[in-house]
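Heads up: the structure comes next, in structure tokens.
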There are 2 protein chains.
Amino acid sequence: MLPSSTVENYLKAIYVGETHLTGGEQLVPMGQLAGALGIAPGTATTMVKALSESGLVVYEPYNGVRLTAAGQKLAARVLRRHRLIELFLVQVVGMKWDEVHDDAEQMEHVVSDRLIERIDEMLGQPEVDPHGDPIPTADGQLPHRTLESLLTCPLHTPVTVARVTDQDAAFLRFIESHNLKPGQTIEVEARDDVSDSVRLKGANNALMTIGARAASKLLVTG
Amino acid sequence: MLPSSTVENYLKAIYVGETHLTGGEQLVPMGQLAGALGIAPGTATTMVKALSESGLVVYEPYNGVRLTAAGQKLAARVLRRHRLIELFLVQVVGMKWDEVHDDAEQMEHVVSDRLIERIDEMLGQPEVDPHGDPIPTADGQLPHRTLESLLTCPLHTPVTVARVTDQDAAFLRFIESHNLKPGQTIEVEARDDVSDSVRLKGANNALMTIGARAASKLLVTG
DNA sequence: GATTTAATTTTGATTACTCAAAATTGACAA
DNA sequence: TTGTCAATTTTGAGTAATCAAAATTAAATC
Ligand SMILES: [Mn+2]
Ligand SMILES: [Mn+2]
Ligand SMILES: [Mn+2]
Ligand SMILES: [Mn+2]
């Protein structure tokens with residue numbers, strides 16, 4: 001049976017959820033999964049039990065869910081498609097980086113393997129999407145770079161924005177308008193815990209202050 | 001309520017079915033509709049009754065179905081998307097004309113209006129798709145050219161292939177390999193009712209004979 | 001250890017879409 | 001006019017996905 005769009009979305013959400021796990025955690029909690037998919041918790045439970053029957057996930061009642069090897073392979077395929085499509089829409093079609101997420105969210109389920117291969121070829125086997133998110137390889141490996149956020153990187157040291165971990169269109173437009181897109185070089189001038197803010201020097205030496213919450217979503221390389 | 005992919009497919013099939021109606025016929029028979037969609041006849045009846053409730057079609061039991069103005073508007077929108085996407089995949093992505101139908105069949109339901117507009121713009125508001133099928137305008141008009149088929153056009157007279165009315169990949173590859181794609185100039189040398197065939201002179205003066213059934217699917221302009 | 005609470009699961013129901021097979025209809029032919 | 005038949009509709013049933021609200025569980029608090 002080929003997986004439905006719904007199943008693909010569940011697997012992808014679990015896959016992404018797993019990458020967010022910190023410390024010794026192994027399982028994505030049902031609440032987090034339901035939240036990520038925008039569905040009722042009971043629905044997630046029912047569905048995950050079905051996925052478990054199909055051998056795509058391991059489900060531990062009251063603890064959470066994780067992917068099997070089979071589930072991981074499918075999830076990586078969907079995520080690869082999503083990110084290739086996003087980059088394609090920006091690079092080839094000329095859409096803006098804050099416009100492409102929703103289209104990719106739908107197209108990832110329906111375009112043919114042939115079209116995805118063609119896109120990958122046109123883009124020259126890219127490694128990251130327009131937001132700096134890594135693109136899983138054709139054989140299902142997710143390249144991992146260790147990145148620091150603007151909350152943890154060294155002060156007074158030039159760093160390059162590598163990734164923006166928030167798909168919200170308004171946030172992305174804010175980032176763009178302040179010249180903080182991936183590829184741009186910036187410097188953290190100061191951090192202030194009391195005011196919960198981070199002071200930055202942008203590409204054009206422009207100074208700006210952003211909240212810690214926003215700063216945590218900007219990942220950089222040294 | 002925005003229409004589901006299923007509803008869009010029904011409306012599109014009725015729309016296309018209506019254009020195939022000859023003579024005084026007004027209604028698309030349920031059998032033809034079910035056949036076009038690859039579903040059981042009873043399913044079509046049930047669904048059409050629901051579409052009728054929604055005001056998208058007029059349903060006459062035992063006679064057939066036709067679109068209301070509202071249904072026509074939606075159907076034209078889907079067909080426009082389908083054909084723009086096909087042309088985009090050929091012109092921009094570099095896929096072959098026999099590969100694009102299935103991708104378009106799915107993408108037509110999910111891509112955003114913004115992406116469709118961008119595609120229309122990139123292609124310069126095209127009037128026909130890769131198979132010569134007319135593209136409905138943004139306001140829902142389907143441009144109509146009167147075309148003759150190779151069964152009815154004059155003999156020994158140069159004509160230009162304008163449209164191929166069969167999406168089957170093998171058929172399209174046959175047409176392409178014999179230099180009979182839209183735009184190419186050919187001439188009908190002879191028709192033979194007994195052998196059910198048509199003799200052609202191709203672009204390169206190559207002679208070939210094709211069956212009447214195939215010939216009827218090649219539409220030309222004088 | 002008992003109690004409260006938050007997360008999770010279960011229950012019961014709904015919507016959308018589908019099929020196979022039985023019943024019906026309407027057109028045509030005998 | 002009646003019988004036949006093909007097309008169509010109806011019936012009964014099933015799958016996939018969803019929700020709201022009740023019940024349960026496990027963990028944290030008292
Ligand atoms: Mn999706
Ligand atoms: Mn992205
Ligand atoms: Mn379709
Ligand atoms: Mn076409």
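Each chain gets a letter, A, B and so on, in the order its sequence line appears, and its residues count up from 1.
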Starting at [atom1] of [X] and ending at [atom2] of [N], how long is that distance when rounded to a whole Å?
X     : N      : atom1 : atom2 : answer
A:K49 : D:dA17 : NZ    : C1'   : 15 Å
A:I39 : D:dA17 : CD1   : P     : 11 Å
A:M1  : D:dT15 : CE    : C1'   : 12 Å
B:Y62 : D:dA6  : OH    : C1'   : 12 Å
B:E8  : C:dA16 : CD    : P     : 15 Å
A:M30 : D:dT25 : CE    : C1'   : 15 Å

Exercise for the section: Report yes if at least one side-chain N or O of A:T45 is closer than 4.0 Å to OP1 or OP2 of C:dT10; otherwise report no. Expected result: no
Nearest of [options] to any side-chain atom of [X]?
X     : options               : answer
B:V7  : C:dT8, C:dC17, D:dT18 : C:dC17
B:P41 : D:dA17, D:dT10, D:dT9 : D:dT9
B:T6  : D:dA17, D:dT9, C:dT18 : C:dT18
A:M47 : C:dT9, D:dA17, D:dC19 : D:dA17
A:Y59 : C:dT18, C:dT8, D:dA17 : C:dT8

Problem - Neighbour count above 12 (heavy atom, 6.0 Å) for B:R213 CZ - result: no
Completion exercise
Given the options B:V128, B:D133, B:D129, B:R163 meets side chain to side chain contact (heavy atoms under 4.5 Å, CB included) only with B:D133
Exercise for the section: From the options B:V93, B:V90, B:I116, select the one residue that forms a side chain to side chain contact (heavy atoms under 4.5 Å, CB included) with B:I85. Expected result: B:I116
Practice task
Assign B:T43 to base, sugar-phosphate, or nothing according to its heavy-atom contacts below 4.0 angstrom with the strands shown.
Solution key: base
Practice task
Scan A:G31 against the nucleic acid and name what it touches under 4.0 Å (heavy atoms): base, sugar-phosphate only, or nothing.
Solution key: sugar-phosphate
Practice task
Kindly determine whether B:R83 and B:E86 satisfy salt bridge (charged side-chain N to carboxylate O under 4.0 Å, His left out), including the steps that lead there.
Solution key: CA-CA 5 Å; B:R83 292 178 175 171; B:E86 280 190 346; 6.0 Å; no
Practice task
Name the residue closer to the 5' end of DNA chain D, choosing between A:N63 and B:N63 according to the nucleotide with the nearest heavy atom.
Solution key: B:N63
Practice task
Would you please indicate if the ring centroids of B:H101 and B:H82 are separated by under 6.0 Å?
Solution key: yes
